[in-house]
Amino acid sequence: SARCDHQTLTSDAPLARTRTPTTTLGRSSIVMAENGTDPVKAVELGEPAKEEVVQHEAAKYKAVEDADGVWKMGTMPVDPAQGFKAKEIQLFSFARPHMRAFHFAWLSFFIAFTCWFAFAPLMPIIRPCLGMTLKQVFAVNIASVASTVTTRFIVGPLCDKWGPKRCQTFLLAWITVFVLIGSAVSSVFSLAIIRFLIGFGGATFVVNQFWSSSMFCNEVVGLANACTAGWGNLGGGVTQMLMVAVYVAFLKGGFGKCEAWRPSMIVPGGMAGIVTVAMYLASDDAPRGDLNHLYAAGVMQRKTAKDSMMVGYSNINSWLLGVQYACCFGVELHVNNVAATYFAIRPSFGVGPIDAGVVASLFGWMNLFARSAGGFFSDVGNKTAGMRGRMWAHTICLFFEGLCLIVFSRMATLAGAIPSLVVFSFFVQAAEGTSFAIVPYVEPTALGGVSAVVGAWGNIGAVAWGMLFLFGFSGNIPNGFATLGCIIIASAFFTFFIKIKGHSHMTGTLETTESYGGKETQ
């Protein structure tokens, strides 16, 4: 059968069994296992022997070998050695299970991100209406990202147990409720509480990455993860423009300046509700169906959240990548929260509160392709130098992210600030893409646990940078950005300490008899 160039061991690969027969009698065909009995191999004389691929009759989706020896589910080529994961991204396909999961993964995170930061572009308007100080704005921003930390640690292992579709459905339903309630806030305290509760939905990112990692072969997982996460993060840019446009529409419709933002929250809340229902009814957890069914039928070995947590949390590489993720995704969250306010309050920019949201949206719009570019660079590095190539791509993106933020902090006019913001944004998103191109390799048997640690550190970073600005630079935001840029540059060198079993690293190779994907230097 056709396989990816390098067979790999993934969390469910042992259950998609492959065997190399010793005979050369003929071509293997698939015989479904019935009533728990071992499959029987059938051969036809006159053709070279091929590997036998065993599929369980209870699997919802099954692969078929075509005349060219390529295993496919529908039109999607898959690798039986990797649990029937997709070997390519068919962008304009919505077929189940792979591409349907791909599109719901990014769309659900996109909607969650739009809701999560729906208040941010309106803060220059909400702030005087609620009588908030700049420090109170920073405090509310911190509340909006702090709650996500714990949720991300928890939801990752739960994906292994319950499946990504169920976890994502619950989180998006939660967001829907509290975004709608958010239109009724009447004080700084109630605003902080609502944004704190909405922040739990930020854990949709961990589910997003778990889901796409579960569906795509290791040779394309970097790009797949980067696309689903990047297009999801795009919600941070869209919401900057969307919420301002909706606010202006209600303003023109007769609502007052301090009232028009309230009904505006109905739009993102309604979008979230629609996607929640559609996702639950029309998508799948894994290449062979929903995990609960696959566990119950014995197609896949049941995993526990505890096992995933213990394995993923105990791997030092998870934490090193997490610190670096705090310096890219954590920075993105922080900038999403403060960008509109920064452009509105700095006199030299000469931007009003509505236009400030439009300018700030440029930062988020780079997610349309920048994070995918990071995943692509990582995959190219993997083809040329194995894991070392992925790590160099990651290090370079982080270094230039920090450098570009320092440059942005020195810009005092829009003519200089906008181009530097765009370039800075490119490297922020690209570094996120290179981060999660490495994550699936850290501990394949505990992908949920690893994703949880790395993803949670993104929000830990956002909290830390919010604290940095609240207590150190609330009166001098440009210097705060410059300081943050130096921290990011320092984090780039953490890659030299990351050593994944069976893979090359920045200075050598960690020898082992096990391997997991990629072209390795042994």
| task | Please step through side-chain contact (heavy atoms from CB on, under 4.5 Å) for the pair Val140 and Met132, ending with a clear verdict. | result | CA-CA 10 Å; Val140 169; Met132 299 173 66; 3.8 Å; yes
| query | Given the rule in the side chain to side chain donor-acceptor pair (under 3.5 Å) test, do Ser435 and Gln324 qualify, once you have shown the distances and angles that lead to the verdict? | reply | CA-CA 8 Å; Ser435 295; Gln324 292 182 315; 5.9 Å; no
| said: Within the supplied structure, the quantity of interest is the number of heavy atoms (other residues, nucleotides, ligands) at a distance under 6.0 Å from Phe400 CZ; does it exceed 12? | reply: no
| Okay, side chain of His98, backbone of Phe84: is any donor-acceptor separation there less than 3.5 Å? | yes
| said: Once rounded to the nearest 0.5 Å, what's the spacing between atom NE2 of His394 and atom CD1 of Ile396? | reply: 11.5 Å
| message | So for atom CH2, which belongs to Trp392, do other residues, nucleotides or ligands contribute more than 12 heavy atoms lying within a distance under 6.0 Å? | response | no
| remark: Shortest non-hydrogen pair, Lys85 vs Cys217, comes out as CB-N, 3.6 Å
| Would a 4.5 Å heavy-atom cut-off, applied to side chains only, mark Phe196 and Ser144 as touching? | no
| query | Taking C-beta and beyond as the side chain, do Asp379 and Phe376 meet within less than 4.5 Å on heavy atoms? | reply | no
| Inter-residue atom distance Gln82.CD - Met215.CE, 0.5 Å rounding | 14.0 Å
| message | Pair Leu362, Ser425 - check side-chain contact (heavy atoms from CB on, under 4.5 Å), show working. | response | CA-CA 8 Å; Leu362 295 174; Ser425 178; over 6 Å; no
| So, does Trp116 use its side chain to make a donor-acceptor pair with the main chain of Ala112 at under 3.5 Å? | no
| message | Within the structure provided, determine whether Val137 and Val338 are in side-chain contact (heavy-atom separation under 4.5 Å). | response | no
| request: Applying side-chain contact (heavy atoms from CB on, under 4.5 Å), run through Phe178 and Ile181 and close with a yes or a no. | output: CA-CA 5 Å; Phe178 287 102; Ile181 294 176; 4.1 Å; yes
| query | How about Asn382 and Arg388: does a side-chain donor come under 3.5 Å of a side-chain acceptor? | reply | no
| task | Answer yes if the side chains of Arg166 and Tyr280 hold a donor-acceptor pair under 3.5 Å, and no otherwise. | result | no
| Ser213 side chain vs Phe210 backbone, donor-acceptor pair below 3.5 Å | no
| query | Mind checking whether Phe170 and Trp174 have parallel, tilted or perpendicular rings, split at 30° and 60°? | reply | tilted
| What are the two closest non-hydrogen atoms of Thr395 and Ala492, and how far apart are they? | CG2-O, 3.5 Å
| Between Phe329 and Phe205, how do the two ring planes meet: parallel, tilted or perpendicular, split at 30° and 60°? | parallel
| task | Specify the closest pair of heavy atoms between Pro268 and Ala118, including all atoms of both residues, with the distance to one decimal. | result | CG-CB, 4.3 Å
| task | Could you tell me whether the side chains of Asn233 and Glu332 share a donor-acceptor contact shorter than 3.5 Å? | result | yes
| query | Aromatic ring centroids of Phe481 and Phe473 under 6.0 Å? | reply | no
| Short side-chain donor-acceptor distance under 3.5 Å, Ser108 and Gln168 | yes
| Okay, side chain of Ser378, backbone of Thr434: is any donor-acceptor separation there less than 3.5 Å? | no
| message | For Glu443 and Ser318, which I'm curious about, is there any donor-acceptor pair between the side chains at under 3.5 Å? | response | no
| If you look at every heavy atom in Gly455 and Arg152, which pair is closest and at what distance? | O-NH1, 2.6 Å
| task | Could you verify whether a donor N or O on one side chain and an acceptor N or O on the other, from Arg100 and Ser283, lie under 3.5 Å apart? | result | no
| query | Between Phe363 and Phe424, does a ring pair (Phe, Tyr, Trp, His ring centres under 6.0 Å) hold up when you go through it step by step? | reply | CA-CA 8 Å; Phe363 178 78; Phe424 159 61; 5.7 Å; yes
| request: Mind checking the CE-CG spacing from Met123 to Asn141? Nearest 0.5 Å is all I need. | output: 6.5 Å
| field | Whether over 12 other heavy atoms sit under 6.0 Å from Phe200 CZ | value | yes
| Value rounded to 0.5 Å, distance of CD1 in Ile460 from CH2 in Trp457 | 5.0 Å
| Of all heavy-atom pairs between Pro478 and Arg346, which one has the smallest distance, and what is that distance? | CG-NH1, 3.4 Å
| field | Heavy atoms of other groups near Phe497 CZ, more than 12 under 6.0 Å | value | no
| request: State whether the side chain of Thr384 and the backbone N or O of Val380 hold a donor-acceptor pair below 3.5 Å, judged by distance alone. | output: yes
| In Å and rounded to the nearest 0.5 Å, what is the CD to CG distance from Gln136 to Leu130? | 9.5 Å
| What are the two closest heavy atoms between Asn225 and Phe436, and how far apart are they? | ND2-O, 3.2 Å
| Donor-acceptor pair, Asn367 side chain versus Gly364 backbone, under 3.5 Å? | yes
| Thr239 side-chain N/O to Gly236 backbone N/O, donor-acceptor pair under 3.5 Å | no
| message | Run the side-chain contact (heavy atoms from CB on, under 4.5 Å) test on Val220 and Lys87 for me, step by step, so that the C-alpha distance in whole Å, both residues' side-chain angles and the decisive distance to 0.1 Å come before the verdict. | response | CA-CA 7 Å; Val220 297; Lys87 297 170 67 175; 6.0 Å; no
| task | Kindly indicate whether the side chain of Ile438, heavy atoms from C-beta on, has any atom under 4.5 Å from the side chain of Ile500. | result | yes
| said: Any side-chain to backbone donor/acceptor pair from Ser420 onto Val407? Under 3.5 Å, distance only. | reply: no
| request: Answer yes if the side chains of Thr151 and Thr148 hold a donor-acceptor pair under 3.5 Å, and no otherwise. | output: no
| Option from Asp290, Asp284, Asp285 for which side chain to side chain donor-acceptor pair (under 3.5 Å) with Lys165 holds | Asp290
| task | Kindly indicate whether the side chain of Leu134, heavy atoms from C-beta on, has any atom under 4.5 Å from the side chain of Arg127. | result | yes
| query | Quick one: does Ser147's side chain get under 4.5 Å of Leu197's, heavy atoms only? | reply | no
| Pairwise side-chain contact, Phe399 with Phe427, heavy-atom cut-off 4.5 Å (strictly under) | no
| query | Going from CZ on Arg371 to CD on Glu432, what distance comes out if it is rounded to the nearest 0.5 angstrom? | reply | 4.5 Å
| Would a 4.5 Å heavy-atom cut-off, applied to side chains only, mark Val454 and Trp319 as touching? | no
